[in-house]
Q: 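Questions regarding the structure given below will be posed in turn.
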Amino acid sequence: MRKMTMRRAFSVSLLRSNPLLLSHSSGNSAVVALDNHYYFNSSSSSSCCVFTSTFHVYAISHFSTNPNPTHARLKQLLLEKSKSGFDKLDDALAVFDKMLHMKPLLPVINFNQLLAALVKMKEHSVTVSLFKDMCVKGIPVDLFTFNTAINCFCHLNRVDYAFSLLAGTIKRGFHPDVVTYTTLIRGLISQDNPAEAQLLFINLIRFKLIQPNVVTYTTIINGLCKRGHISTAVMLFRYMEKKGCKPNTVTYSTLIDCLCKLRLVDQALGLLHEMTKKGITPDVITYSSLIQGLCDFNRWQDVNQLLSEMNTRNISPDVHTFNILVDAYGKEGMINDAEDVIEFMIQRGQHPDVVTYNALMDGYCLRGEVDKALAVLETTMKRRGIVPNTRTYNILINGYCKKFKVDRAVDLFQQLPREGLSPTVYTYTTILQGYFLTGRHVEARKFFKEKMMLNKALTLDNFTCSILLHGLCQNRFVVEALSFFDTMLSAGLIPNICIYNTLIDGLSKNGHLEKARSLFDNLPLKGLRPDVKTYTMMIQAYCHDGLLNDANELFLKMEANGCLPDDVTYNTLIRGFFHNKKYNEAGVLMDEMCARGFSADASTASALLDLLKSQEQNPALLALRKKFLT
DNA sequence: GTAGGGTTAG
């Protein structure tokens, strides 16, 4: 509690005392149009000179050849919007429509700017459709246009169409460049097809089609990181340096983020140091990744140090950075601090978004204050015009289920379509879990059969199935569970170890030890390795049935198989020894457990106390009490 | 004017 209070004072006051921390970053330059005169504003005087002189040349040539001021204004608008996107999709479409009917047509570069604006707005399918329109209407296109469309297909997870378009590009006589191929590599990786991506990369180099650049390498490094191949990513990172391709801020940020997500935050800080030493400047994204990594470890002092370092370097935290802080405070139960961060960001002109409020609401739910979370949705978000998404509702639904208020959760579930939102597999699973949690297994099974199974749009995952299997087993519907397991298999879902753990536990607790044992023994055939939970569950099952030798043998075997027992495993086997009056064996195991840094849990301690009550004079038990309960 | 990096829930 004391730690929390100190942290609050420290962090929030630090934010307050650093006005620069939140000063608007206006970018390098902005264009302002006043009475047909154009001015460049720039935050740095040197770039101002460059831009101003460039613009003079542009302006003179432009006005001397094009007397139509509408064209000039439109072009200016397109230049601006290509960087920021339009505020509304309709605005972009209206401009496109106008452009289609202009005579003479604007040059292709202006059409490309419009498409770029749409990409900025993440309107990938609209971009593709406008691209098609252009092709049909015979508007000239160039390689930039094709690259943009290929990129959009990749974002829409249609890499197949992207490759068709590659063929189209070549057919039109364009030479696909490093941008085209880098885009396709990213598409393949994001569609979980790293082998094809690798093959494409190798062939591009082998046939000298392109020279990979820093973006190509960074794209692949990111793909490797996201798939958990950090060491390969680092190898490629060092390789690109050796090949004379210098990593930049994005390359370093990619690796730093990956290291942070793997909880290797000190190594990430090492890379920050390395890049700074090389003169590569970190930016707000680099710092945000590191702040997230440090928050995960509650390293608040380090977080504050980075915030003040950002301040020194004149890098302003943005909405992502603040969202990380709101989330971190919320997860720590420090809801007032989370609210303070939001208030602060608003003061500094940064607009909280749906992610901000979802994080805040989740913070309230974690404290059990679901009604307050609901008030955030109904009052604050509404007032500020922030549109909730399915996640917003999922957070509330989960909050109410955890408080055993499933009916309240179902109300919100039914509200979703009225808000124009669709429930996800997460929504359904939460409700299913809520029903089981409150013992309403009849409704749970009905909900699953009628709402989930019949919803064709719903793809069940292993998590959902494990909730159902657990609920069924817990309520002694073992036959139904096994039958559903068969359905899963025939539907092509590949069960993971969690599914098997749920089944093994459920079967053994319902008197089907032999069936559980057979599933366990067959795991290697399914290509699965038992984890510490699997072993512990089997050990518990053996102990429960008095098969102490089997339990002990498995305990020894698991370590030989490279799976270290944890505190639960030790406590389970120790209680097994207790129940079977093997007090000396229990004592030896307790010594071993303590030597490994684990201790007796509440259930083991109470089992020992119970034994002492009935056998006050048992010397072995007295020795155990002396050793472990003082 | 086209490609690469960061935020929330079971």
Side-chain angles (χ1 to χ4, degrees), chain A residues 75 78-79 81-83 107-117 119 127 142-152 154-155 177-187 189 213-223 225-226 247-258 260-261 282-293 295 317-328 330-331 353-363 365-366 389-399 401-402 424-434 461 463-464 466-467:
Chain A
K75 283 183 171 185
L78 286 165
L79 175 65
K81 299 298 178 193
S82 69
K83 287 170 187 150
V108 60
I109 177 169
N110 299 117
F111 280 92
N112 291 341
Q113 284 169 330
L114 182 97
L115 298 185
V119 173
T127 313
D142 65 4
L143 184 59
F144 283 76
T145 333
F146 272 105
N147 284 348
T148 306
I150 288 172
N151 181 36
C152 289
C154 289
H155 277 287
D177 62 1
V178 63
V179 176
T180 323
Y181 288 115
T182 302
T183 307
L184 288 166
I185 288 172
R186 199 198 67 84
I189 294 173
N213 63 17
V214 60
V215 181
T216 320
Y217 281 113
T218 305
T219 302
I220 300 170
I221 286 170
N222 187 40
C225 284
K226 293 272 145 60
N248 60 17
T249 306
V250 179
T251 324
Y252 271 99
S253 300
T254 303
L255 277 174
I256 283 172
D257 184 63
C258 178
C260 286
K261 296 217 159 69
D283 62 12
V284 61
I285 297 183
T286 326
Y287 278 108
S288 298
S289 291
L290 283 161
I291 288 170
Q292 170 86 79
C295 282
D318 63 8
V319 65
H320 282 241
T321 327
F322 285 119
N323 288 350
I324 290 165
L325 292 171
V326 171
D327 178 57
K331 285 204 166 64
D353 60 11
V354 65
V355 178
T356 321
Y357 287 109
N358 285 352
L360 179 72
M361 286 167 60
D362 196 47
C365 288
L366 285 171
N389 57 21
T390 302
R391 221 170 210 200
T392 318
Y393 282 89
N394 286 346
I395 288 165
L396 290 168
I397 288 170
N398 184 43
C401 283
K402 291 276 147 24
T424 61
V425 66
Y426 181 101
T427 325
Y428 286 100
T429 309
T430 308
I431 302 236
L432 182 73
Q433 197 175 21
D461 58 19
F463 188 88
T464 312
S466 79
I467 296 295

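Letters A, B, ... mirror the listed sequences (proteins, then strands); counts begin at 1. Being a predicted model, the structure only gives us computed values, none of them experimental.
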Q: Using atom CG of D461(A) as one end and atom C1' of dG10(B) as the other, report the distance to the nearest whole Å.
A: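 Atom-to-atom, D461(A) to dG10(B), this comes out as 9 Å.
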
Q: May I ask you to say what T251(A) touches in the nucleic acid, namely base, sugar-phosphate or nothing, with a heavy-atom cut-off under 4.0 Å?
A: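 Base contact - T251(A) has a heavy atom under 4.0 Å of at least one base atom.
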
Q: Across the strands shown, which category fits D142(A) at heavy-atom distances under 4.0 angstrom: base, sugar-phosphate, nothing?
A: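 If one applies the 4.0 Å heavy-atom cut-off, D142(A) turns out to touch a base.
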
Q: Across the strands shown, which category fits D318(A) at heavy-atom distances under 4.0 angstrom: base, sugar-phosphate, nothing?
A: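 Answer is base: heavy atoms of D318(A) come under 4.0 Å of a base.
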
Q: NA contact type, V214(A), heavy-atom cut-off 4.0 Å: base, sugar-phosphate, or nothing?
A: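 Base: the residue V214(A), judged by heavy atoms under 4.0 Å, touches a nucleobase.
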
Q: Could you state the atom-to-atom distance from CD1 of I150(A) to C1' of dA3(B) in whole Å?
A: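 To the nearest whole Å, that distance equals 11 Å.
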
Q: Just the rounded figure in Å: distance from P of dG4(B) to CG of D177(A).
A: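 Atom-to-atom, D177(A) to dG4(B), this comes out as 13 Å.
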
Q: So, for A328(A) and C295(A), which heavy atoms are closest and what is the spacing to 0.1 Å?
A: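 A328(A) and C295(A) have their closest heavy atoms at CB-SG, 3.6 Å.
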
Q: Taking T392(A) for its side chain and N389(A) for its backbone only, find out whether a donor-acceptor pair lies under 3.5 Å.
A: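 Side chain of T392(A) to backbone of N389(A): a pair is present.
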
Q: So what does T148(A) hit on the nucleic acid, given a heavy-atom distance under 4.0 Å: a base, only sugar-phosphate, or nothing?
A: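 T148(A): backbone/sugar contact only, no base atoms under 4.0 Å.
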
Q: At under 4.0 Å between heavy atoms, what does S288(A) touch on the DNA or RNA strands: base, sugar-phosphate, or nothing?
A: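 The answer is base, as S288(A) lies within the cut-off (heavy atoms under 4.0 Å) of a base atom.
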
Q: Counting any heavy atom closer than 4.0 Å, what does T219(A) reach on the DNA or RNA strands: base, sugar-phosphate only, or nothing?
A: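 Sugar-phosphate contact only.
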
Q: Give the intermediate values and the outcome of side chain to side chain contact (heavy atoms under 4.5 Å, CB included) for residues K261(A) and K226(A).
A: CA-CA 10 Å; K261(A) 296 217 159 69; K226(A) 293 272 145 60; 5.8 Å; no

Q: Regarding dG5(B), can its base be found pairing with the side chain of T286(A) as donor and acceptor, where the two atoms are less than 3.5 Å apart?
A: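 Donor-acceptor pair under 3.5 Å: yes.
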
Q: Between the side-chain atoms of T429(A) and the base atoms of dG10(B), is any donor-acceptor pair under 3.5 Å?
A: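 A donor-acceptor contact between them is present.
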
Q: Expressed in angstrom and rounded to an integer, what is the separation of L325(A) atom CG from dT7(B) atom C1'?
A: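 For the pair L325(A) CG and dT7(B) C1', the rounded distance is 10 Å.
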
Q: Classify N398(A) by what it touches in the nucleic acid, base, sugar-phosphate, or nothing, heavy-atom distance under 4.0 Å.
A: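 Sugar-phosphate, no base atom in range.
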
Q: With a non-hydrogen cut-off below 4.0 angstrom, is N389(A) in contact with a base, only sugar-phosphate, or nothing?
A: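 If one applies the 4.0 Å heavy-atom cut-off, N389(A) turns out to touch nothing in the nucleic acid.
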
Q: Nearest-Å distance, CG (D362(A)) to P (dT8(B))?
A: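 Rounded to the whole Å, the gap is 11 Å.
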
Q: Remember a base hit wins even if backbone is also touched, and classify S253(A) as base, sugar-phosphate or nothing at under 4.0 Å, heavy atoms.
A: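 Counting heavy atoms under 4.0 Å across all strands, the contact made by S253(A) includes a base.
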
Q: Give T392(A) one of three labels, base, sugar-phosphate or nothing, depending on what nucleic acid heavy atoms sit under 4.0 Å from its own.
A: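 Nothing, no nucleic acid heavy atom in range.
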
Q: Mind checking T145(A) for me? I need base, sugar-phosphate or nothing, with any heavy atom below 4.0 Å counting as a touch.
A: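 T145(A): no heavy atom of the nucleic acid under 4.0 Å.
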
Q: T180(A) near the nucleic acid: base, sugar-phosphate alone, or nothing, with a heavy-atom cut-off under 4.0 Å?
A: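 No contact.
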
Q: Rounded to whole Å, please give me the gap between CG in N222(A) and C1' in dG6(B).
A: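 Checked: the CG to C1' distance equals 11 Å.
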
Q: Whole-Å distance between dA3(B) C1' and L115(A) CG?
A: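 That distance rounds to 15 Å.
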
Q: Distance check needed: dT2(B) P versus K81(A) NZ, whole Å only.
A: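 Going from K81(A) (NZ) to dT2(B) (P), I get 16 Å.
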
